[in-house]
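Heavy-atom basis, side chains included; hydrogens, waters and symmetry copies ignored. Please read these numbers as outputs of a predicted model, since none were measured by experiment. In this chain, residues are counted from 1 in sequence order. Atoms within a ligand are numbered from 1 in the order they appear, just like the ligands themselves.
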Amino acid sequence: MVDKATFPRDKICGDALSGKALEVFKKLDASIIDELVKNSTAIDSWGVTFVAPNGEPLRIPFSKNKSALKNAPGFIMKRIDFDDFLFEKAKQNPLISIHENTELRSFIRTQNGIDARDKNDNVFSSKLFIAADGAHSAFAKQIAMLKTEPEHNCFGLRAYYKNVQNLDAEGFIELHFIHKALPGYFWIFPLPNGEANVGIGIRADKLNSKNINLKKLFFEIIESEPQIKERFANAELQDNVKLYGLPLGSKKRKLSGDNYMLCGDAAMLIDPFTGEGIGNALLSGMYAAQQAEICIQQNNFSSTILTDYDKQVYQRLWKELQLSYSMQRLINFPLLFNFVVKKANRNEALREAIMSMFEDIDLRSKLKDPKFYFKILFSPK
Ligand SMILES: Cc1cc2nc3c(=O)[nH]c(=O)nc-3n(C[C@H](O)[C@H](O)[C@H](O)COP(=O)(O)OP(=O)(O)OC[C@H]3O[C@@H](n4cnc5c(N)ncnc54)[C@H](O)[C@@H]3O)c2cc1C
């Protein structure tokens, strides 16, 4: 395992971990979840509040039956803590040799695989590279030849605050769909000790075409947006605001080739609606490990066998990514958003239907069906 950073290290992120991340931990080692529950740097998250462009909030729990659950369906934990927590687990494994503070800069193909060089000209040779070097992946550019496309890429800005008022007592994450940030959103995610992760994300092509300065827009929202500004009256910024890319999974890419697989952000797998990428990164890592085992058993590291990895990843994620892409386009219609939120706040059945959509992908697909909106238009309340 080679990483350019030395852990613990920060990663610019919203810090929210969804059920999909927990799904991977359940398969890997369920005790990881027990440790997260007890970890004082993590807080439980039981749902999400969507705030429509007209300011009306809609609280949707992640699960219909909270009391039946052993632990919360989601967590929020600063990445400096979460990534180190996972990294420590890798360090404890005697089969893994770890090289921190080692940035791999160039990659060349050899007869047996791929050679990577760090800044001191140390060479790391492998028959099978699992490239998980993030949104600005050097490997994805040099070997997989993936390009960043503004319409499938987002920029996100993150800030840590203390003393933001009225943070949700049940750790609900808040997504505010503010007019001037559409089709992106402004978020407030509660953290332990009265802190909050606050940020904003917008698609790169929209930032360019509307000539938006993300940092300026972020502070404008905090200082002048009704419902937001009162909550930040006594808030203190803890650190500099920081910006990073989010490669969206709204387009299928080739995730493997001779002697390599791409994982997580290097594979561009971020949910195009929610901006969630940790769960998909973990899931792709799990599939890559399973595929690597098969390759080693068969001593075959060719692209022909490695395409099975692409199939696994997209079989699990493509439907969901496509749906989220449709949702991303729907939020270009703020009146529709206002209308659904208003109806759902008055109609329990509709609220329950939206809640079920978090657990059931087929139900979620109703959101892109015009009949769904037609039905709620004529619903009783
Ligand atoms: C502002 C923002 C908010 C977000 N909010 C959320 C959220 O709330 N929830 C969520 O699920 N997702 C969120 N995401 C997405 C999430 O952060 C990513 O999808 C996730 O971190 C991907 O994990 P990864 O392991 O693929 O990449 P990373 O977490 O970026 O890890 C890449 C690793 O590779 C190392 N590395 C990079 N280049 C090299 C190199 N050349 N040589 C050696 N090592 C290298 C880095 O040091 C790093 O440790 C957000 C992203 C942004 C930018």
Side-chain angles (χ1 to χ4, degrees), residues 1-22 24 45 48 74-80 82-84 86-87 90 98-107 116-119 122 124 129-143 153-160 171 173-175 184-191 196-202 204 214-215 218 241-249 255 261-286 288 313 317 324:
M1 253 173 92
V2 181
D3 202 294
K4 73 174 176 189
T6 303
F7 284 72
R9 64 101 179 88
D10 183 27
K11 155 76 180 87
I12 302 161
C13 187
D15 302 330
L17 291 165
S18 70
K20 211 183 290 158
L22 302 191
V24 177
S45 178
V48 50
F75 290 91
I76 313 162
M77 183 173 181
K78 283 186 180 176
R79 291 289 296 272
I80 193 164
F82 174 69
D83 291 18
D84 193 48
L86 289 184
F87 203 72
I98 291 182
H99 306 262
E100 292 176 83
N101 188 22
T102 307
E103 179 175 357
L104 298 180
R105 292 196 167 163
S106 65
F107 305 88
R117 271 172 205 277
D118 71 5
K119 61 172 186 273
N122 296 314
F124 295 81
F129 259 86
I130 300 181
D133 49 345
H136 307 158
S137 165
F139 188 95
K141 280 190 202 98
Q142 290 179 36
I143 297 286
N153 193 43
C154 183
F155 279 107
L157 177 153
R158 179 214 67 190
Y160 286 123
I173 57 172
E174 296 175 34
L175 310 185
Y185 64 78
F186 175 90
W187 72 79
I188 304 175
F189 297 170
L191 282 164
N197 180 318
V198 184
I200 187 168
I202 302 187
L214 205 54
K215 193 170 163 187
F218 176 74
V241 296
K242 288 179 183 158
L243 197 81
Y244 210 72
L246 292 92
L248 305 176
L255 308 182
M261 289 180 272
L262 304 174
C263 285
D265 282 5
M268 307 188 171
L269 291 174
I270 294 185
D271 186 291
F273 179 60
T274 60
E276 183 197 332
I278 303 170
N280 292 353
L282 288 168
L283 207 69
S284 62
M286 184 179 77
V313 171
L317 293 179
S324 289

A138-ligand 1 polar pair, N/O distance under 3.5 Å
no
G199 heavy atom under 4.0 Å from ligand 1
no
Given R9, M268, M1, K11, which one has a non-hydrogen atom that is nearest to atom 48 (C) of ligand 1?
R9
Among P247, A132, G285, which residue places a heavy atom closest to atom 25 (O) of ligand 1?
A132
From atom 52 (C) of ligand 1, work out which of I12, D10, I76 has a heavy atom at the shortest distance.
I12
Could you tell me, atom by atom, which parts of ligand 1 come under 4.0 Å of a heavy atom of G264?
26 (O)
At a 4.0 Å threshold, what atoms of ligand 1 neighbour a non-hydrogen atom of L104?
40 (C), 41 (N), 42 (N), 43 (C)
Which segment of F82 sits under 4.0 Å of ligand 1 when only heavy atoms are counted:
neither
May I ask you to list the atoms of ligand 1 that are less than 4.0 angstrom from any heavy atom of I270?
15 (C), 19 (O)
Counting from 1, what ligand 1 atoms have a heavy atom of T102 closer than 4.0 Å?
42 (N), 43 (C)
Flag K4 as yes when one of its N or O atoms lies below 3.5 Å from any N or O atom of ligand 1, and as no otherwise.
yes
Please examine the side chains of C13 and R158, heavy atoms only from C-beta on, and report whether any two atoms are closer than 4.5 Å.
no
Location of contacts on R79 toward ligand 1, heavy atoms closer than 4.0 Å
side chain
Between L243 and ligand 1, which part of the residue brings a heavy atom under 4.0 Å of the ligand: side chain, backbone, both or neither?
neither
What atoms of ligand 1 come closer than 4.0 angstrom to any heavy atom of A16?
7 (C), 8 (O), 9 (N), 10 (C), 11 (O)
Quick check: F189 and ligand 1, any N/O pair under 3.5 Å apart?
no
Do the rings of F7 and F87 sit parallel, tilted or perpendicular, given the 30° and 60° boundaries?
parallel
Atoms of ligand 1 close to L246 [distance to a heavy atom under 4.0 angstrom, numbered from 1]:
50 (C), 51 (C), 52 (C), 53 (C)
Near G245, which atoms of ligand 1 are under 4.0 Å from a heavy atom of that residue?
53 (C)
Contact check, W187 vs ligand 1, heavy-atom distance below 4.0 Å
yes
Under 3.5 Å, N or O to N or O, is I278 touching ligand 1 that way?
yes
Closest to atom 46 (C) of ligand 1 by heavy-atom distance, out of D3, D265, N101, is D3
Atom indices of ligand 1, in the order listed, that fall short of 4.0 Å to a heavy atom of E103:
41 (N), 42 (N)
Select one of side chain, backbone, both or neither to describe which atoms of D133 lie under 4.0 Å from any atom of ligand 1, heavy atoms only.
both
